[in-house]
Enquirer: 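Let me give you the structure first, and then I'll get to my questions.
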Amino acid sequence: MTTKSPVPRLDLAPKLRRPLSLWNPLDYLLLLYWVFYFPQALRWYVDNFGGGYIPEKEMNWSKGLKILRQNSIQRQLLLQGVVLTIIAPVLTCLFFEALGLRINWGDVAFNVASCVAVGVAVGVASGVASGVAFNVAFGVAGGVASGVMRGVAVGVAFGLAFGVARGAVRCMAGGVAVGVVFAVALGVALGVVFGVAVGVAVGVAVGVVFGVAVGMATLRLENRLFGLSFNLRYLINGSFLLPRITIISLPDLDVCLKTWLLQDWENGIHNVNQLLAYTMQFIPVVQTVNKVLNILPSEQIIWSVSQLAETTYYWELIHFLSASLSEKLKSEAIKGFLLRFPGKKRLQESLNTDTRLDTPPRAAAAGFWYLHEKQPTKATEAFVVVRSLLYGEEMYILAQTLAAFNEAKELNSIANLQLPTFPTSGLLRPNTWQTLDRFLRVIEDVKIINRSVSRVSRSSALNRALGELTTILNTADTLPKAEQGLIIDIAENWRKQLLQIAGEVGEVVINKTVNNPYVIGDPVMGNLFVGREDIIRQLEELWLRSPQLQSVVIYGHRRMGKTSILRNAANSLDNQVKVAYVNLLKLGDVTQGVGEVLMAISDEISQVVNIPTPNDDDLLKLPVPTFNRYFKQVIKNLSGGLIIALDEFEKIEDLIKDKKIPANFMDLLRGLLQESPQVAFAFAGLHTLDEMTADYFHPFFGSVINIRVGFLGRDATGQIIANPAIEDFLLDYTPEALDKIYDLTYGQPYLVQLIGFHLVRLYNDFVFEQGRNRDPVFTVEDVETVVNKPEFFNNGSRYFNGVWGQAGENGNTQQVILSHLAQHTEGLSVNELVGIIKINETDLQTALETLKRHDVIAENQGHWRIIVELFRRWVVKSHS
């Protein structure tokens with residue numbers, strides 16, 4: 001159950017639920033009210049019904065005309081503003097004429113026409129909302145004034161019209177108090193200039209009252225007086241009593257806002273943004289937020305400013321949490337006063353309008369402000385002041401990193417960036433750090449581009465880097481607003497630099513024999529080991545993130561890479577878990593009994609734990625007691641975990657059948673697990689334990705996890721063959737060639753490596769033995785050339801004979817099935833096989849399921865076919 005916040009959530013936005021109608025007179029009255037007493041509603045209206053408000057500084061004639069062509073709501077709003085500008089002054093003047101006042105209709109018409117023209121122009125160039133605000137405010141006030149007023153009253157009338165119109169535009173654009181003060185100063189200055197220009201008598205009077213009127217119209221004192229009865233402590237959302245356009249502080253606003261922020265920062269920020277968006281209370285809001293930040297506990301300061309910056313309606317609020325608002329107001333007032341006077345420049349220079357770092361809240365606010373302003377170096381200087389606070393070190397490193405990224409304008413400087421260590425836990429900006437990790441990967445790829453001579457390596461690195469930068473740009477909307485714009489600029493600049501050298505990548509001449517990176521026969525190690533990341537991650541979960549080490553059986557088709565997985569697993573375990581790899585095939589013909597097997601296991605354990613093995617004679621004479629004592633010593637000195645990996649574990653069954661080791665050998669191994677939870681076994685072979693024909697492996701039933709090693713996918717196959725992870729590999733493949741390799745191998749790792757091996761030999765022979773020229777890109781024709789050579793199948797005989805031999809382990813039924821399936825690339829149905837082979841359907845189904853389980857054949861729509869095309873071809877050549 002959630003606790004209700006004691007802070008009310010203000011909702012000061014207009015409550016209109018539909019677009020304004022051209023034919024509803026009440027909508028014109030509402031629009032008139034908006035212009036004079038709620039100009040912020042125009043921006044809200046365009047945001048919610050007109051396709052989105054575009055700030056005035058971002059607008060231009062081209063954008064404006066495009067919006068009017070494409071957006072009927074904004075086009076209609078401009079028309080409604082024009083209608084109101086024409087009708088309202090006319091109706092008002094008719095009313096005054098009925099009261100007996102004399103109306104100068106010529107002046108009314110001229111002023112209204114001028115305002116319509118100016119309003120439409122402003123609406124196109126600066127945005128419809130701005131155009132309507134100025135058009136209606138000045139048109140109505142100025143039009144009536146021109147027709148009714150005389151003498152000094154003209155100065156008052158036009159001053160009020162100008163002030164209301166300018167204030168409406170400023171208010172609608174964001175409610176910036178600095179702009180309002182500037183308008184007051186400008187009005188007074190214009191009034192004095194106007195008075196001097198017209199004359200010393202009536203002119204001065206008109207000018208002065210013009211200036212004063214501008215100031216009064218901007219301050220909108222009547223709006224504040226109108227809302228005095230309104231108590232902010234019991235604020236009613238959407239109330240017409242709420243003063244929207246006066247900059248004079250409302251009664252009790254600072255008290256209420258301070259209480260809200262201290263009680264519930266999140267709801268308090270929401271209310272701050274409501275006041276910024278829908279009133280002109282910028283000055284009291286800034287002052288109150290500053291006061292609250294100054295009394296917050298130090299551990300809350302950076303988090304609080306971060307939350308405020310993330311949701312702020314107006315970024316100048318963050319600025320003036322550090323810079324002095326009063327100094328800025330004075331500076332703008334002096335600057336806005338057009339007349340020169342002695343000491344004006346000196347007076348302005350004496351005012352400190354820069355950000356201040358003298359307190360933690362000011363320094364934190366300055367840091368976020370400078371990130372938003374894309375000045376990360378200054379942000380770093382600000383955050384260094386609050387490094388000791390909670391999240392301070394993180395923000396300091398973040399700003400420092402972004403400053404380094406921002407200064408790296410060329411690829412060489414990007415590659416040579418020296419960066420601090422990134423924080424990893426308790427983060428304030430997790431999304432930003434994920435993005436910065438992508439930048440780190442880009443840096444590594446830029447290093448490869450700069451130093452590698454391999455066209456493929458450089459091209460792959462370029463593509464990866466561009467992909468990372470594209471991802472950064474596509475996900476930029478998930479970043480905090482403070483650093484979002486800066487990160488976008490950095491990503492776009494880096495991408496521009498990479499695109500400029502895209503044409504150069506790959507222009508490498510091959511002038512020596514290409515080193516063959518493909519491994520056939522031996523386990524694939526180090527950087528060459530790719531495509532099995534899913535299995536490695538599974539082993540990491542079982543061996544690093546499990547409370548007890550888990551024994552596993554890694555099983556699968558012959559030469560699927562099981563040995564490579566075991567040999568490379570240790571590299572991903574960070575020395576927390578050590579892997580003692582034992583290849584049981586190396587035992588050969590065991591003549592000394594179980595002691596010989598335990599001797600081999602002891603030797604490999606000793607290699608990884610650095611504990612000397614027992615004496616060989618002791619192991620041969622008293623194998624079990626000697627090994628148990630050794631193993632207890634290993635457990636006692638083991639700092640992490642230990643995996644005993646037994647490759648080709650079917651050899652154990654062979655030794656038991658031949659009575660070379662006792663039938664209870666697996667009981668001995670199982671007993672080792674009971675010595676410590678730090679020990680587990682990894683068996684690798686063709687079968688799971690429950691597929692073994694004898695019950696020797698029963699002690700491990702139910703205590704191991706089976707991990708199947710299947711074929712590689714199409715993408716992984718392409719990765720292995722096209723990017724063999726050596727820097728001087730200069731050859732490439734067409735996409736069609738990569739697809740052909742997969743179609744021939746179905747992702748069988750040994751055959752994939754075998755094809756790559758023969759393709760490199762083909763290239764070296766053609767270019768360096770025969771001295772002929774050819775493109776360093778392999779095609780489908782090249783692939784077919786190498787697999788059709790007799791030496792290809794001769795070199796792959798260990799794989800082909802192994803699969804064939806396994807199919808004949810329990811009679812020749814499976815081999816007969818394979819011989820017939822090999823003749824039909826589209827496969828055969830069970831009925832067709834029964835008719836050809838003359839076999840019992842039950843026996844046939846059993847044989848088919850066994851071949852399927854061993855990844856030799858597969859069923860598709862009732863037809864059985866050999867999975868690996870190259871194996872099918874070998875069967876046709878060798879056993880037809």
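None of these values were measured; they are calculated from a predicted model. Along the sequence shown, residues carry numbers from 1.
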Enquirer: Do you know which two heavy atoms are closest between Val875 and Leu818, and how far apart they sit?
Expert: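 For Val875 versus Leu818, the nearest heavy atoms are CG1-O, 3.8 Å.
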Enquirer: Does a donor on one side chain and an acceptor on the other come within less than 3.5 Å for Asp782 and Thr779?
Expert: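 Yes.
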Enquirer: Taking only residues two or more places apart in sequence or in another chain, which ones pass side chain to side chain donor-acceptor pair (under 3.5 Å) with Thr813?
Expert: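 Testing Thr813 for side chain to side chain donor-acceptor pair (under 3.5 Å), a comparison that skips the adjacent residues, returns none.
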Enquirer: Using 0.5 Å steps for rounding, measure from the CD1 atom of Ile488 to the CD1 atom of Ile472.
Expert: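 CD1 of Ile472 is found 11.0 Å from CD1 of Ile488.
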Enquirer: Check whether Asn801 reaches the backbone of Ser797 with its side chain - one donor and one acceptor, N or O, closer than 3.5 Å.
Expert: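 Yes; at least one donor-acceptor contact below 3.5 Å.
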Enquirer: Identify the two heavy atoms, one from Phe711 and one from Tyr746, that lie closest to each other, and give their separation to 0.1 Å.
Expert: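 Nearest heavy atoms, Phe711 then Tyr746: CB-O, 3.1 Å.
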Enquirer: Any side-chain heavy atom of Thr475 sitting closer than 4.5 Å to one from Gln434?
Expert: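 No, too far: nothing below the 4.5 Å cut-off.
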Enquirer: Kindly state each residue pair satisfying salt bridge (Lys or Arg N to Asp or Glu O under 4.0 Å) with at least one member in residues 742-753, sequence neighbours excluded.
Expert: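 Salt bridge (Lys or Arg N to Asp or Glu O under 4.0 Å) check on residues 742-753 returns Arg714-Asp743.
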Enquirer: Which heavy-atom pair separates Gly747 from Thr717 by the least distance, and what is that distance?
Expert: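 Of all heavy-atom pairs spanning Gly747 and Thr717, the closest is CA-OG1, 3.5 Å.
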Enquirer: With a 4.5 Å cut-off on side-chain heavy atoms, are Leu462 and Ile501 touching?
Expert: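 Yes, side chains in contact.
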Enquirer: Is there a donor-acceptor pair closer than 3.5 Å between any side-chain N or O of Trp494 and the backbone N or O of Ala408?
Expert: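 Such a contact is found between Trp494 side chain and Ala408 backbone.
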Enquirer: Could you pull out the closest heavy-atom pair between Thr613 and Asp603, with the gap in Å?
Expert: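 So the minimum-distance heavy-atom pair works out to CG2-OD1, 3.6 Å.
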Enquirer: Let me confirm one number: the CD1-CG distance from Ile817 to Leu848, rounded to the nearest 0.5 Å.
Expert: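 CG of Leu848 is found 4.5 Å from CD1 of Ile817.
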Enquirer: Hey, is NZ on Lys409 packed in by over 12 heavy atoms from elsewhere, all under 6.0 Å?
Expert: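 Buried by this count: over 12 neighbours within 6.0 Å.
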Enquirer: Taking the side chain as every heavy atom from C-beta outward, state whether Leu499 and Leu466 have any atom pair closer than 4.5 Å.
Expert: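 Side-chain contact under 4.5 Å: yes.
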Enquirer: So how far is it from Ile839 CD1 to Leu844 CG, rounded to the nearest 0.5 Å?
Expert: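 One gets 5.5 Å once the value is rounded to the nearest 0.5 Å.
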Enquirer: Mind checking whether Phe405 and Phe439 have parallel, tilted or perpendicular rings, split at 30° and 60°?
Expert: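 Ring orientation, 0 to 90° scale: tilted.
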Enquirer: Is the closest side-chain heavy-atom distance between Ile414 and Ile443 below 4.5 Å?
Expert: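 Ile414 reaches Ile443 side chain to side chain.
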Enquirer: Going by heavy atoms in the side chains, are Asn493 and Asn406 under 4.5 Å from each other?
Expert: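 No, their side chains stay 4.5 Å or more apart.
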Enquirer: Could you pull out the closest heavy-atom pair between Ala680 and Leu549, with the gap in Å?
Expert: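 Nearest pair, atom of Ala680 first, then Leu549: CB-CB, 3.7 Å.
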Enquirer: Take Lys852 and Trp864 through the test side chain to side chain contact (heavy atoms under 4.5 Å, CB included) and record every step on the way to the result.
Expert: CA-CA 9 Å; Lys852 177 183 177 182; Trp864 292 90; 4.0 Å; yes
Enquirer: Measure the shortest side-chain to side-chain distance between Thr435 and Thr432 over non-hydrogen atoms and say whether it is less than 4.5 angstrom.
Expert: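 Answer no - side chains too far apart.
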Enquirer: Taking the side chain from Thr850 and the backbone from Thr846, do they hold a donor-acceptor pair closer than 3.5 Å?
Expert: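 Such a contact is found between Thr850 side chain and Thr846 backbone.
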Enquirer: Parallel under 30°, tilted from 30 to 60°, perpendicular over 60°: which one fits the rings of Phe422 and Trp433?
Expert: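 Taking Trp433 first and then Phe422, their aromatic rings sit tilted (interplane angle of 30° to 60°).
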Enquirer: Would you call Glu444-Lys447 a salt bridge at under 4.0 Å N-O?
Expert: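 Yes.
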Enquirer: Determine, for Lys740 against Glu784, whether the closest basic-nitrogen to carboxylate-oxygen distance falls under 4.0 angstrom.
Expert: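 Judged by the 4.0 Å cut-off on N to carboxylate O distance, Lys740 and Glu784 do form a salt bridge.
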Enquirer: Report the C-alpha separation of Glu869 and Arg873 in whole Å, then their side-chain angles, then the decisive distance to 0.1 Å, and conclude whether the salt bridge (charged side-chain N to carboxylate O under 4.0 Å, His left out) test is met.
Expert: CA-CA 6 Å; Glu869 169 62 16; Arg873 296 186 185 185; 3.0 Å; yes
Enquirer: Phe871 and Gln748: side chain to side chain contact (heavy atoms under 4.5 Å, CB included), yes or no, with the steps?
Expert: CA-CA 10 Å; Phe871 177 67; Gln748 209 291 330; over 6 Å; no
Enquirer: Quick one: side chain to side chain donor-acceptor pair (under 3.5 Å) partners of Glu604, sequence neighbours excluded?
Expert: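 In terms of side chain to side chain donor-acceptor pair (under 3.5 Å), with neighbours along the sequence ignored, Glu604 is linked to no residue.
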Enquirer: Kindly check if the number of other-residue, nucleotide or ligand heavy atoms within 6.0 Å of CD (Glu859) is above 12?
Expert: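 Counting neighbours around CD of Glu859, more than 12 heavy atoms of other residues, nucleotides or ligands fall under 6.0 Å, so yes.
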Enquirer: Rounded to the nearest 0.5 Å, what separation is found between the CZ atom of Arg438 and the OG1 atom of Thr470?
Expert: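 One finds 10.5 Å between CZ of Arg438 and OG1 of Thr470.
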Enquirer: Quick one: does Leu473's side chain get under 4.5 Å of Glu492's, heavy atoms only?
Expert: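 When only atoms from C-beta onward are counted, Glu492 and Leu473 do touch, with a gap below 4.5 Å.
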Enquirer: Would you say the side chain of Leu642 lies within less than 4.5 Å of the side chain of Val608, judging by non-hydrogen atoms?
Expert: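 When only atoms from C-beta onward are counted, Leu642 and Val608 do touch, with a gap below 4.5 Å.
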Enquirer: For Tyr763 and Asn516, what are the C-alpha separation, side-chain angles and deciding distance, and is it a side chain to side chain contact (heavy atoms under 4.5 Å, CB included)?
Expert: CA-CA 10 Å; Tyr763 180 85; Asn516 205 318; over 6 Å; no
Enquirer: Distance-only criterion, 3.5 Å: show the donor-acceptor pairs between side-chain atoms of residues 826-837 and protein atoms not counting sequence neighbours.
Expert:
residue: Ser829; atom: OG; partner: Glu832; partner atom: N; Å: 3.2
residue: Ser829; atom: OG; partner: Glu832; partner atom: OE1; Å: 3.4
residue: Glu832; atom: OE1; partner: Ser829; partner atom: N; Å: 2.8

Enquirer: Rounded at 0.5 Å granularity, tell me how far CZ in Phe793 sits from CG in Asn788.
Expert: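 That separation rounds to 7.5 Å.
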Enquirer: If you round to the nearest 0.5 Å, how far is OH of Tyr742 from CD1 of Ile721?
Expert: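 Reported value, rounded in 0.5 Å steps: 14.5 Å.
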Enquirer: Going by the salt bridge (Lys or Arg N to Asp or Glu O under 4.0 Å) test, which pairs reach into residues 750-773, not counting sequence neighbours?
Expert: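 Output for this query lists Arg761-Glu791.
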Enquirer: Kindly say whether the aromatic ring centers of Trp874 and Tyr799 come within a distance under 6.0 Å.
Expert: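 No - the distance between ring centres of Trp874 and Tyr799 does not fall below the 6.0 Å cut-off.
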Enquirer: Tell me if the CG atom of Asn463 is crowded by more than 12 foreign heavy atoms within 6.0 Å.
Expert: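 Yes, the 6.0 Å shell around CG holds more than 12 heavy atoms from other groups.
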Enquirer: For Phe792, which residues count as a ring-ring contact (aromatic ring centres under 6.0 Å, His included) partner, sequence neighbours excluded?
Expert: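 Listed in chain order: His758.
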Enquirer: Can you confirm whether Glu410 is buried at CD, in the sense that more than 12 heavy atoms of other residues, nucleotides or ligands lie under 6.0 Å from that atom?
Expert: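 Not more than 12 within 6.0 Å, no.
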Enquirer: Could you walk me through whether Leu419 and Leu436 pass the side chain to side chain contact (heavy atoms under 4.5 Å, CB included) check?
Expert: CA-CA 11 Å; Leu419 301 173; Leu436 296 188; over 6 Å; no
Enquirer: I'd like to know if the side chain of Tyr518 and the backbone of Ile755 have a donor-acceptor N/O pair within less than 3.5 Å.
Expert: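 Checked: no pair found.
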Enquirer: So, does Arg774 use its side chain to make a donor-acceptor pair with the main chain of Val777 at under 3.5 Å?
Expert: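 Checking the backbone N and O of Val777 against the side chain of Arg774, a donor-acceptor pair under 3.5 Å is found.
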Enquirer: Taking atom types as modelled, is there a side-chain donor on Gln815 or His879 under 3.5 Å from an acceptor on the other?
Expert: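 Result is no, nothing qualifies.
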Enquirer: Can you name the closest pair of heavy atoms from Val760 and Pro517 and give their distance?
Expert: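 Smallest interatomic distance, heavy atoms only, reads CG2-CD, 4.2 Å.
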